[in-house]
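These values consider heavy atoms only, across backbone and side chains, with no hydrogens, waters or symmetry-generated copies. Naming: A, B, ... by sequence-line order, numbering from 1 per chain.
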There are 2 protein chains.
Amino acid sequence: MTMPTSPDADKAITIIDVARIAGVSIKTVSRVINRETGVGADTRTHVENVIRELDYRPNASARALSSHRKYLIGMIVASIGQFEYVGQLQAGVTESCLRAGYHLTVESPPPEGEARRAWLARLQSRRAFDGLVISPPLSDDEELIDFLINANIPIVRIAPADKSNLTPYVFTDDYEASYQITSRICELGHRLIAMIEGPEDHVSARERRRGFNDAMRNHGLIPRDTMRVRGDYGGISGFECTEALLSLTPRPTAIVAANDLMAIGALAAISKHGLRAPEDISVVGFDDIPAASACWPPLTTVRQPIDKLGELASDLLIAGIGDPRHRTDARSAFHPCEIIVRTSLGPPLVRS
Amino acid sequence: MTMPTSPDADKAITIIDVARIAGVSIKTVSRVINRETGVGADTRTHVENVIRELDYRPNASARALSSHRKYLIGMIVASIGQFEYVGQLQAGVTESCLRAGYHLTVESPPPEGEARRAWLARLQSRRAFDGLVISPPLSDDEELIDFLINANIPIVRIAPADKSNLTPYVFTDDYEASYQITSRICELGHRLIAMIEGPEDHVSARERRRGFNDAMRNHGLIPRDTMRVRGDYGGISGFECTEALLSLTPRPTAIVAANDLMAIGALAAISKHGLRAPEDISVVGFDDIPAASACWPPLTTVRQPIDKLGELASDLLIAGIGDPRHRTDARSAFHPCEIIVRTSLGPPLVRS
DNA sequence: CTGAAAGCGCTTACAG
DNA sequence: CTGAAAGCGCTTACAG
């Protein structure tokens, strides 16, 4: 009835076409598609060939309807498109989903009230997603996590503080990364080392502080209270914290900022006060964001493969969804971190 | 047969339940859900109430299967999680999708070869997505766009250079933004104004250059060739370009960088060479990225509501998919831009 | 190892 | 304005 404006009239081929041409039942084709056991080797090969020749791709909606699976996983973030971290995570999760034939949707929960209740309700009973990857800081939001566990929806938490085996989770070794870079600073001869901590509700901030503390202690240093300031991971807070630090006597000779944005803020404050890095004060950060190599001096920082972390989380999730027998054990570590040496860190001037 | 480990045994309620309880046929319920005409006002209200009481939500897979729609839209980007711009776009598109009951999946095409062919094939015939939002610079990838048009899959291009009516598109007025900020610099009394241009394959870069040129000309200034340098939107290129600019005699008194990352690089070079902004040289950027307020001095820049642009694109796409009769006209502009005044721009020292 | 039947929960096409 | 029937393309549950 419609005008011939629609060149996609080529009807997609279905499992029935494949079955007819292969000379088997659709059930057998279904078994091959889903890699189920119980198909003769020859039959399997033959069906696989027909599938390839016809370029057959199963209709995801039909599978979803009859299998009660959606082939959709959700990534829950506090805020979309605002943090490098989340973007990198998403890149990794996408990679994993693509490989497994899942789609990924990124969502952030409404902060409160009716909208939030409705949003939570939609998640229940796998009506929306087959499973969820929860990114920080939501991975430690007890109310949310408890709700999801009760709703029996598969989740994998990314970098949670709570390392109990409530749910599977993945993490980077922030502690180790911080320990290493702090040790390096100590070994360069610095004694007055300040830390601009991150917000208390981020595990990464807490772990980086722990690593800092332990490295200091193991090098015989006790950080003074005045040399610990707290930022909010924003650049401006790094700037302000550093101004406070610069007014101290004696002044620190090195600053460990819990992330790059604050480190860049620190560099800005140093520059504003007519001081130079690393000659007067060394600065290091964490994350290796793009701006870290654009600022002056270029920032020595710690790079962690966040995208790989997302990939790992998604692999874990999909394995858990796919087949109970493949369920991996409840946790998984991930650590490699890499110190990116640029020029914002140097030895202290002989003085302290 | 399974152990009572599965509390989600509460069977989801279906259109049949709603129909039975409301005392109508499922077809009538369907009409109400889809806001079709041809339902008595009373009947409609009644059914709506039942739907609300039962907290009924249509099964997306079933709708998808019978309607040949997926309720899934794709956002095609060159690279996931690497640019602020893309993240903001995604936030807006997500917002729009959520409102319309669609899911969003972000993907980036394999660069070439077999993988790319397979990826393109999957897009055909709406087998994967109901429609696509194409972000720059892919929105000007002729091969890709032509393929999608031929495959008859609805697309909306974001910020394309090609403003022909091939497909619907949305854009921000980069030209206007650049014209305005450049004019401001001229009116402050600067005469030696340099521009660090962006990469030629980004429309935004070309438009920002056009706006710069026209503003200069309209203020009686002719930019010298040596005062035009080209970066790649990366911070390091901004740094290098600026070092070249600083070696000029006479030196520019103001630099317009085509994006913030390059502007931050420019600030870094200025600082390295013992100069100060804005006293010795003013710098402005575009985009207002988070680091723009963290650097020293804080960057005067132009903010454009990129998330709103994504929302607009998605609204346009969904309107086109949803009902041919609602199809909006083939293009749509979007302009508001806002100059964020911080301190990296000031009047020139009386000298030139 | 293989298959015939029923059904997932909607929409489409048709009828009145 | 309303509805009965068929069907979308798979998987599940069962049988052999």
Could you tell me how far apart A:Arg63 (CZ) and C:dG7 (C1') are, to the nearest whole angstrom?
18 Å
For C:dC10, does OP1 or OP2 lie under 4.0 Å from any side-chain N or O of B:Tyr56?
yes
B:Ile16 atom CD1 is separated from C:dG9 atom P, nearest whole Å, by 8 Å
The salt bridge (charged side-chain N to carboxylate O under 4.0 Å, His left out) partners of B:Asp146 (sequence neighbours excluded) come to none
Ranking D:dC10, C:dC10, C:dT11 by distance to the side chain of A:Ala62, first place goes to D:dC10
Check this one for me: any side-chain N or O of A:Ser66 less than 4.0 Å away from OP1 or OP2 of D:dT12?
no
Using whole Å, report how far CD1 of A:Ile13 lies from C1' of D:dG9.
12 Å
Donor-acceptor pair, distance only, cut-off 3.5 Å: does the side chain of A:Ser314 make one with the backbone of A:Gly310?
no
5'-most contact on DNA chain D (nearest-nucleotide basis), B:Leu65 vs B:Thr37, goes to B:Thr37
Establish, with yes or no, whether the OP1 or OP2 oxygen of D:dC10 is under 4.0 angstrom from a side-chain nitrogen or oxygen of A:Tyr71.
no
Interatomic distance where NE2 belongs to B:His68 and C1' belongs to C:dC10 [whole Å]:
12 Å
Interatomic distance where NZ belongs to B:Lys70 and P belongs to C:dC10 [whole Å]
17 Å
Identify, between B:Asn34 and A:Val39, the residue whose nearest nucleotide on DNA chain C lies closer to the 5' end.
A:Val39
DNA chain C contacts among residues 40-52 of chain A, heavy-atom distance under 4.0 Å:
A:Gly40, A:Thr43
Applying salt bridge (charged side-chain N to carboxylate O under 4.0 Å, His left out), name anything that partners A:Glu107, two or more places apart in sequence or on another chain.
A:Arg122
The criterion is salt bridge (charged side-chain N to carboxylate O under 4.0 Å, His left out); which residues satisfy it with A:Arg117, sequence neighbours excluded?
A:Glu114
Ion pair A:Arg44/A:Asp42, N-O distance below 4.0 Å:
no
With sequence neighbours left out, write down each residue that passes side chain to side chain contact (heavy atoms under 4.5 Å, CB included) with B:Pro160, or none if nothing qualifies.
B:Ser139, B:Asp140, B:Arg157, B:Tyr169
Measure from CD1 on B:Ile15 to P on C:dT12 and round the result to the nearest Å.
11 Å
According to side chain to side chain donor-acceptor pair (under 3.5 Å), who are the partners of A:Ser66, at least two apart in sequence or on a separate chain?
none
Partners meeting side chain to side chain donor-acceptor pair (under 3.5 Å) with A:Arg52 (sequence neighbours left out):
A:Asn49
Would you please name every residue forming a side chain to side chain donor-acceptor pair (under 3.5 Å) with B:Ser61, sequence neighbours left out?
none
Where are the stems of DNA chain D, defined as at least 3 consecutive Watson-Crick or wobble G-U pairs with both distances under 3.5 Å?
C:1-3 with D:14-16, C:5-12 with D:5-12, C:14-16 with D:1-3
Looking only at side-chain atoms of B:Ser67, point me to the closest of C:dT12, D:dT11, C:dC10.
C:dT12
Review item, nucleotides 3-6 of chain C N/O atoms under 3.5 Å of protein N/O:
residue, atom, partner, partner atom, Å
C:dG3, OP2, A:Ser25, N, 3.2
C:dG3, OP2, A:Ser25, OG, 3.2
C:dG3, OP2, A:Thr28, OG1, 2.6
C:dG3, N7, A:Arg31, NH1, 3.3
C:dG3, O6, A:Arg31, NH2, 2.7

Begin with the C-alpha distance, continue with both residues' side-chain angles, and end with the deciding distance and a verdict on salt bridge (Lys or Arg N to Asp or Glu O under 4.0 Å) for A:Asp141 and A:Arg116.
CA-CA 14 Å; A:Asp141 180 326; A:Arg116 187 184 177 89; 3.8 Å; yes
Starting at CD of B:Glu36 and ending at P of D:dC1, how long is that distance when rounded to a whole Å?
13 Å
The criterion is salt bridge (charged side-chain N to carboxylate O under 4.0 Å, His left out); which residues satisfy it with A:Glu112, sequence neighbours excluded?
none
Partners of A:Ser79 by side chain to side chain donor-acceptor pair (under 3.5 Å), sequence neighbours excluded?
A:Gln82
